[in-house]
Amino acid sequence: LSDAVRHSSSAVDTVNLLFQLRVSWEQLGWPDPSAAYGFVLKLTEYICGSAMYYAIRVHDILKEKSYYDDEGQFDVTEKLCVTLNDIDYVRMALKPLPESLAWDKIVGNLEAETGPEAAQQSKRSLETFLSSADENMRHQIFIVVEKIGERMNVDITNYASQLIKFPPGTLFEDAARGLMGYLQTNLQSLSNWLLTSVFVQMLQPTYNLCITTFLHLVKDRRDLSPSIYKRLFNTLNTLQDRKS
């Protein structure tokens, strides 16, 4: 694991392997436009498929090794964050694929032989592989983010229940210490260990989770004083400030 880039060697090795496939194709310099397109189509399909398989396999390993910390209080771990980083790192490595495989040049050469309509259809076929891979890998990240939210929800609910039990005159800092401490610790871990592109995907769901939890706790509760509602509101404001 590299402290600088926050992803594991498996992600680096995967990206390097996919890069070598692109380099090998460039070195071939295939002269026939029609045949070149067929090779690039298959190569794009293989690279995108390999990236999707990597994301699925990494997520399976995450579950197999219990990185979700299913026992006791849930706390974000470095290994869990690195798993998210790995998926996103490989996903981002697909972005230069159109340039590195010279899609525009190949489609342009193909257009001279088949006409513009057929050439554009050929380009859309390439784009479909790439967009499908990107969507699939984003979904894998979403699954992990959703699972983290499910695990955090249990502890957030427990701490929020304690928050509303403090007497009305209790200082906000004292009443919210447990909940804010839990959130601060885990959000700081996410910030420290996640790539920025992944971390920003965690903030809004965490904030929404707190809102949903608070609403559930106060639903049909007519015995709560206005100060309790203010306490919950202040908690959300504090989270919003840290989210920004």
Side-chain angles (χ1 to χ4, degrees), residues 1-62 81-146 193-204:
L1 173 67
S2 168
D3 291 333
V5 292
R6 293 179 283 186
H7 47 251
S8 70
S9 59
S10 72
V12 176
D13 291 344
T14 299
V15 169
N16 285 342
L17 176 61
L18 299 181
F19 176 77
Q20 286 304 317
L21 290 173
R22 302 199 304 262
V23 170
S24 296
W25 168 251
E26 291 171 5
Q27 291 174 343
L28 283 176
W30 205 268
D32 179 16
S34 297
Y37 171 77
F39 282 120
V40 167
L41 183 66
K42 295 301 293 183
L43 187 56
T44 299
E45 180 183 15
Y46 179 79
I47 289 175
C48 291
S50 297
M52 288 189 290
Y53 176 78
Y54 174 84
I56 293 170
R57 184 64 190 123
V58 165
H59 183 239
D60 288 344
I61 292 172
L62 183 149
C81 292
V82 169
T83 298
L84 282 166
N85 291 345
D86 285 347
I87 296 173
D88 199 59
Y89 179 69
V90 175
R91 182 185 71 84
M92 292 300 294
L94 298 181
K95 296 294 185 182
L97 208 56
E99 292 77 22
S100 60
L101 293 182
W103 283 6
D104 287 342
K105 179 181 178 181
I106 289 173
V107 171
N109 292 337
L110 194 62
E111 183 175 343
E113 292 189 359
T114 64
E117 185 175 344
Q120 286 306 306
Q121 179 59 46
S122 298
K123 185 176 183 180
R124 283 193 291 271
S125 297
L126 293 168
E127 293 169 342
T128 297
F129 284 126
L130 188 57
S131 61
S132 295
D134 186 79
E135 181 179 349
N136 181 279
M137 298 179 79
R138 284 181 182 275
H139 181 65
Q140 292 298 321
I141 292 173
F142 172 78
I143 291 173
V144 180
V145 169
E146 191 174 52
W193 295 326
L194 285 178
L195 297 171
T196 302
S197 58
V198 183
F199 176 62
V200 295
Q201 298 180 54
M202 286 295 310
L203 293 178
Q204 191 63 48

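Here Leu126 contributes atom CG and Thr44 contributes atom OG1; the two are 5.0 Å apart, rounded to the nearest 0.5 Å. Between the OH atom in Tyr53 and the CG atom in Asn136 there is a gap of 13.5 Å [rounded to 0.5 Å]. Atom CD of residue Glu99 and atom CZ of residue Arg22 lie 10.0 Å apart, to the nearest 0.5 angstrom. Here Leu195 contributes atom CG and Gln201 contributes atom CD; the two are 10.5 Å apart, rounded to the nearest 0.5 Å. Taking CG of Leu62 as the start and OG1 of Thr83 as the end, the distance is 4.5 Å to the nearest 0.5 Å. Note that the CG atom of Leu101 and the CG atom of Leu43 stand 5.5 Å from one another [nearest 0.5 Å].
Of the N and O atoms on the side chains of Tyr54 and Ser10, at least one donor lies less than 3.5 Å from an acceptor on the other residue.
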| request: Test side-chain contact (heavy atoms from CB on, under 4.5 Å) on Thr14 and Tyr89 and set out the steps. | output: CA-CA 10 Å; Thr14 299; Tyr89 179 69; over 6 Å; no
| task | With side-chain contact (heavy atoms from CB on, under 4.5 Å) as the test, would you mind laying out the steps for Leu17 and Ser50 before giving the verdict? | result | CA-CA 10 Å; Leu17 176 61; Ser50 297; over 6 Å; no
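Closest heavy-atom contact between Val200 and Ser197: CG2-O, 3.4 Å. Minimum heavy-atom separation, Val15 to Ala93: CG2-CB, 3.7 Å. Pairing each heavy atom of Leu84 with each of Val198, the nearest pair is CB-CG1, 3.9 Å. Summarising the geometry of Met137 relative to Arg91, their closest heavy-atom pair is CE-N, 3.5 Å, with the distance given to 0.1 Å.
Residues passing the side-chain hydrogen bond (donor to acceptor under 3.5 Å, both in side chains) test with Asp86, sequence neighbours excluded: Ser8.
At least one side-chain heavy atom of Ser125 sits under 4.5 Å from a side-chain heavy atom of Tyr37. Within the 4.5 Å cutoff, side-chain heavy atoms of Leu21 are placed close to those of Leu18. For the pair Val58/Gln140, no side-chain contact is recorded, criterion being any heavy-atom separation below 4.5 Å from C-beta on. For the pair Pro98 and Asp104, the minimum side-chain heavy-atom distance is 4.5 Å or more. Proximity of Trp103 to Val40: side-chain heavy atoms (C-beta onward) are separated by under 4.5 Å at one or more points. Between Asp134 and Leu94 there is no side-chain heavy-atom pair separated by less than 4.5 Å.
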List the atom pairs, donor and acceptor, that lie under 3.5 Å between side-chain atoms in residues 105-115 and the rest of the protein, sequence neighbours left out.
residue : atom : partner : partner atom : Å
Asn109  : ND2  : Lys105  : O            : 3.3
Glu113  : OE1  : Ser34   : OG           : 2.4
Thr114  : OG1  : Leu110  : O            : 3.0

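Classification of the Trp25-Phe39 ring pair by plane angle, with boundaries at 30° and 60°, yields tilted.
Salt bridge Lys42/Glu45: present, at least one basic N to carboxylate O contact under 4.0 Å.
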